[in-house]
Number of protein chains: 2
Amino acid sequence: MLTNRQLEILQVIVDDFITSAQPVGSRQISKKKHITYSPATIRNEMADLEEMGLLEKTHTSSGRVPSDKGYRFYVDHLLQPKRLLKEDMLQIQSVFTDQHAEVEQIIRKSATILSQLTSYTSIMLGPDVQSHRIKKISIVSLTDDTAVAIIVTDQGHVEHRTFHVPEHFSASDVEKAVNILNERLYNVPLEHFAQSLETEVQRLLKQHINAAEEFIASLTHHEPSQTKLFYGGKTNMLRQPEFHDVNKLRMLMDMMEARQQVYELFQPNEAGIHIRIGSENEQIAMENCSVITATYQAGESTGAIAIIGPTRMDYERVISLVDFVRRDLTRAFNKAK
Amino acid sequence: MLTNRQLEILQVIVDDFITSAQPVGSRQISKKKHITYSPATIRNEMADLEEMGLLEKTHTSSGRVPSDKGYRFYVDHLLQPKRLLKEDMLQIQSVFTDQHAEVEQIIRKSATILSQLTSYTSIMLGPDVQSHRIKKISIVSLTDDTAVAIIVTDQGHVEHRTFHVPEHFSASDVEKAVNILNERLYNVPLEHFAQSLETEVQRLLKQHINAAEEFIASLTHHEPSQTKLFYGGKTNMLRQPEFHDVNKLRMLMDMMEARQQVYELFQPNEAGIHIRIGSENEQIAMENCSVITATYQAGESTGAIAIIGPTRMDYERVISLVDFVRRDLTRAFNKAK
DNA sequence: GTTAGCACTCAGTTAAAGGGAGTGCTAATA
DNA sequence: TATTAGCACTCCCTTTAACTGAGTGCTAAC
């Protein structure tokens, strides 16, 4: 267990390093107004904190830097969520002033504002459309042999896929097919679309229309629509001194382009605010980064927010901001619709 | 006018610098098999070429480097389009093997492949949907006061916008509205949608439905749908030695995130292959870059391809690749649909 | 017209030297 | 016993100087 003095010193070191990005020395600490001990005492305490694995040195005679474990301790025990400034709140709320805005617009803007306010990179996961329920299905013929199928969900999401029309598939087949689909698939969650289509509905379709199998194959043979990602401040990382190394930078950027790896950042996708610091992340590209995630609700479906910054991140501020945006998004998406 | 020898020397310098990224010296040139003159002669010629503004030195006693003007000369007079390797062609054509693929998929894949083959960054402009013609309009009610309008074009593009339903707008109004819209706007280019809606069609709607004005406003008050951009190899630039400077890098990345500036890259959007070298670009962020653009056709609408690389770009190869992709895209989009 | 020869320039590397910020340890102090 | 002053030491970083190597421009000879 840490003494009060150790807590105090750790706090100063983390706070200092977060703003300066420079290792913190004992003299520097002792100069702080509220610190009453001498540099020598502080050095002793720092040696202890280092033994516990909370601090590190960059070389034998350098000042101290928080370790990942040190940040973890800081996040768990030391930081106190700050109230946001009026300006920050106003900025965030400006996203919601346009009543006509669509879900996608709002999320896009949120991502941008979050990255501006934090000066880190934000990634937002759009509401998970797979849990939307099917409201209406229609088919529009384009040419003799192609048509586009459109699915509208109860939350206003629209999905469409162009498909090849089987040869013996007449206009009346189209009509019948649309009727059957709408009757049988109404209110079915999007995630069960393909499944339903290939089981119950298949039989029905085969009875009433030509080339049913081919038709179904056309509709289901399609990559599942992926949850959309929205980025803000992609280049903010270039401003961070820890990323003046082009190699680290490339690893990080490559990771952010890779859908699968980005999805992993959001795991576990549970309510509440989650923080993963440096090596707590699975990805090597993230070993110098921390990520703060949270979820928001839009009706029955869930979306998520992530902020990626250096481990030397202003946790207090970012947590407050993310939480505020989370609440506002959830509120906006549940009153309007 | 340049002598043959000068042409030869310029060619060697450009070719050499493109592969090595190092200033080229006279000795190095004289060692080439097909070069018969001594270093001293070459130095004289280089001095002349420098006077003409085709070459530059990085410092007083360094080898020579092509200037933007030098590259321009090279591109206009010296390079000879190479036939692509079989492998390259096969790779590109693999994009088109999936018959079920949608336009967007194909373009996305093309962008990726192009960036891989060139090791530069590719940006592709999707077909300009504004010239598509309206095929079908439908409206699906979501809640009491919101609905989503869907427009399908003749090329299979689907556009949708959620809107607020006016208070005295009944279900029968919806039906009537949809009928009128389909009747009047069929085959109208998307770019005239708002305009048509606000002139001729407006009168008709006012006669037959309630709250017509509000309804029209909801539909037209909407940012015009922007042509989609697809990126490939965004991080390839980080591999280029000229971008080990984080500042240049940031400028470039920021530019690539800014829609408006990216659109400018594609100007003038005319048929043929266009090359802009270094300072020929308007943007400062592009002063160390060249961009090669070309257009492809998809029915009546036009899309475009751009490759962004350092001015020290392998022009011969990139031009061949871009041209090949251009043709293939045009072919693919005009037989299938 | 071409080339060999030579003096010169400049970036980049290496080595040495000194300063600065920091540490750990020990002994004196409160 | 806990704290602190003092001191030797460590290591990074910057500066300086010397040296090397790749290149140039110019001149005189071929």
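The chains referred to below are lettered A, B, ... by the order of the sequence lines, with proteins before strands, and numbering in each begins at 1.
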Examine D:dG25: is either OP1 or OP2 under 4.0 Å from a nitrogen or oxygen in the side chain of B:Lys57? Give yes or no. yes
Can you check whether A:Gln28 has a side-chain N or O nearer than 4.0 Å to OP1 or OP2 of C:dA21? no
Whole-Å distance separating the [atom1] atom of [X] from the [atom2] atom of [N]:
X       : N      : atom1 : atom2 : value
A:Ile13 : C:dG22 : CD1   : P     : 12 Å
A:Ile29 : D:dT3  : CD1   : P     : 16 Å
B:Glu45 : D:dC26 : CD    : P     : 15 Å

Salt-bridged, [X] to [Y], with N to O below 4.0 Å?
X        : Y        : result
B:Lys248 : B:Glu242 : no
A:Lys32  : A:Glu8   : no
B:Lys234 : B:Glu257 : yes

Looking at the base of C:dT23, is there any donor atom on it, or on the side chain of A:Ser61, that sits under 3.5 Å from an acceptor on the other one? no
Looking at D:dG6, does its base get a donor-acceptor pair with the side chain of A:Arg43 below 3.5 Å? yes
Relative to the 5' end of DNA chain C, which residue comes earlier, B:Pro39 or A:Ala40, by the nucleotide with the nearest heavy atom? B:Pro39
Select from B:Arg5 and A:Glu50 the residue whose nearest nucleotide in DNA chain C is closer to the 5' end of that strand. B:Arg5
Any chance you could lay out the side chain to side chain contact (heavy atoms under 4.5 Å, CB included) test for A:Thr293 and A:Ile305, step after step, and finish with the verdict? CA-CA 5 Å; A:Thr293 55; A:Ile305 306 170; over 6 Å; no
